[in-house]
J.: 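My questions all concern the structure below.
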There are 2 protein chains.
Amino acid sequence: MRRDVFQAIADPTRRAIIALIAIQAMTPNALADKFDITRQAVSKHLRILSECELVRQESKGREIYYSLEIEKMKEIDEWLSRYRTIWETRMIQLDDLLATMKKEKEDN
Amino acid sequence: MRRDVFQAIADPTRRAIIALIAIQAMTPNALADKFDITRQAVSKHLRILSECELVRQESKGREIYYSLEIEKMKEIDEWLSRYRTIWETRMIQLDDLLATMKKEKEDN
DNA sequence: TACTTGCGAAACCGACCGGTTGCGCATATA
DNA sequence: TATATGCGCAACCGGTCGGTTTCGCAAGTA
């Protein structure tokens with residue numbers, strides 16, 4: 001099954017998981033305690049996050065610690081950068097407009 | 001039905017629609033020509049984009065032109081900024097590490 | 001006025017999604 | 001060794017999703 005970063009962050013629970021494991025690595029049980037769902041449900045989310053390489057896992061005895069693969073988040077940033085250019089350009093244009101209006105007012 | 005920006009951008013067709021209407025306003029029919037799906041399917045996507053205010057529409061006779069509400073894209077950027085801080089910090093730490101290694105090498 | 005065109009809404013359908021329960025397996029621990 | 005714990009996997013279930021077809025309405029056009 002081919003997974004997508006955008007699909008991965010679409011679910012609010014998965015975004016919450018991302019927020020938690022960005023701070024520190026956590027086990028599925030520890031995560032399940034935070035959200036009112038079963039450990040198995042968390043595991044499913046982690047599997048989806050794994051499939052699109054948003055998550056790294058490290059076994060420690062019988063426990064598995066999951067942490068965020070921050071590099072992968074850049075992919076979203078790259079996609080967004082195109083639109084960031086647009087709104088920044090608009091902002092500059094707005095600044096220019098305001099400056100022009102101010103100048104015209106002063107000239108009167 | 002409450003909609004979410006993250007859910008809206010999860011679908012690849014919707015991201016393609018966003019990319020198109022970011023450049024110029026388009027009608028549902030014009031959009032449908034670009035993707036091998038019916039106009040009605042496009043309309044559904046536009047409705048979802050509308051529900052989370054990612055899209056603005058302007059009627060012109062019997063045609064409706066849809067364009068991107070770029071401001072709403074900032075919401076994604078705000079969410080992402082938190083993680084951007086993390087990877088930028090890592091980058092700096094990596095720079096520091098490399099600088100230290102270089103210095104140590106020079107000292108030998 | 002009759003016809004065409006652009007659109008949204010609704011009903012329907014197969015696929016997928018997020019959740020559950022119920023395993024089986026590996027790793028501590030008594 | 002027997003028992004408890006942490007985990008992934010599989011089966012199942014109701015709801016949602018992305019698509020279609022069908023329809024009705026409003027706006028141009030003959």
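Chain naming here is simple, since letters A, B, ... match the order of the sequence lines and numbering starts at 1 in each.
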J.: Taking CE from A:Met26 and C1' from D:dC7, how many angstroms apart are they, rounded to a whole number?
T.: 16 Å
J.: Counting only N and O atoms by type, is there a donor-acceptor contact under 3.5 Å from the side chain of A:Arg15 to the main-chain atoms of A:Ile9?
T.: yes
J.: Roughly, in whole Å, what's the span from CZ in B:Phe35 to P in D:dG19?
T.: 10 Å
J.: At under 4.0 Å between heavy atoms, how does the protein contact nucleotides 19-30 of chain C? Give one character per nucleotide, 5' to 3', with B, S or -.
T.: BBBB----BS--
J.: For residues 45-78 of chain A, which residue pairs qualify under ring-ring contact (aromatic ring centres under 6.0 Å, His included), counting only residues two or more places apart or in two chains?
T.: none
J.: Please confirm whether the shortest side-chain N or O distance from B:Thr27 to OP1 or OP2 of C:dG6 is below 4.0 Å.
T.: no
J.: Looking only at non-hydrogen atoms, find the nearest pair between B:Cys52 and B:Arg3 and report the distance.
T.: CB-CB, 3.9 Å
J.: Could you tell me the separation between the OH atom of B:Tyr66 and the P atom of C:dC7, rounded to a whole number of Å?
T.: 8 Å
J.: From CG of A:Asp33 over to P of D:dC7, roughly how many Å is that when rounded to an integer?
T.: 10 Å
J.: What's the OH-P distance between B:Tyr65 and C:dG8, to the nearest Å?
T.: 13 Å
J.: Measure from CG on A:Leu49 to C1' on C:dC17 and round the result to the nearest Å.
T.: 14 Å
J.: Quickly work out the B:Arg47 CZ to D:dT16 C1' distance and round it to whole Å.
T.: 13 Å
J.: Just how far, in rounded Å, is P of C:dA9 from CD1 of B:Ile48?
T.: 13 Å
J.: What side-chain donor-acceptor pairs closer than 3.5 Å can you find for residues 34-43 of chain A, not counting sequence neighbours?
T.:
from	atom 1	to	atom 2	distance (Å)
A:Thr38	OG1	A:Ala41	N	3.3

J.: Is any side-chain N or O of B:Arg3 closer than 4.0 Å to OP1 or OP2 of D:dT16?
T.: no
J.: Ignoring backbone atoms, establish whether A:Asn29 has a side-chain N or O less than 4.0 Å from OP1 or OP2 of D:dC7.
T.: yes
J.: Do A:Tyr83 and B:Val55 sit in the same hydrophobic cluster, where Ile, Leu, Val, Met, Phe, Trp and Tyr count as joined when their side-chain heavy atoms come under 4.5 Å apart?
T.: yes
J.: For the residue pair A:Arg56 and A:Leu68, what are the closest heavy atoms and their distance?
T.: NH2-O, 3.3 Å
J.: State plainly whether the residues B:Glu69 and B:Lys72 are in salt-bridge range, i.e. N to O under 4.0 Å.
T.: no
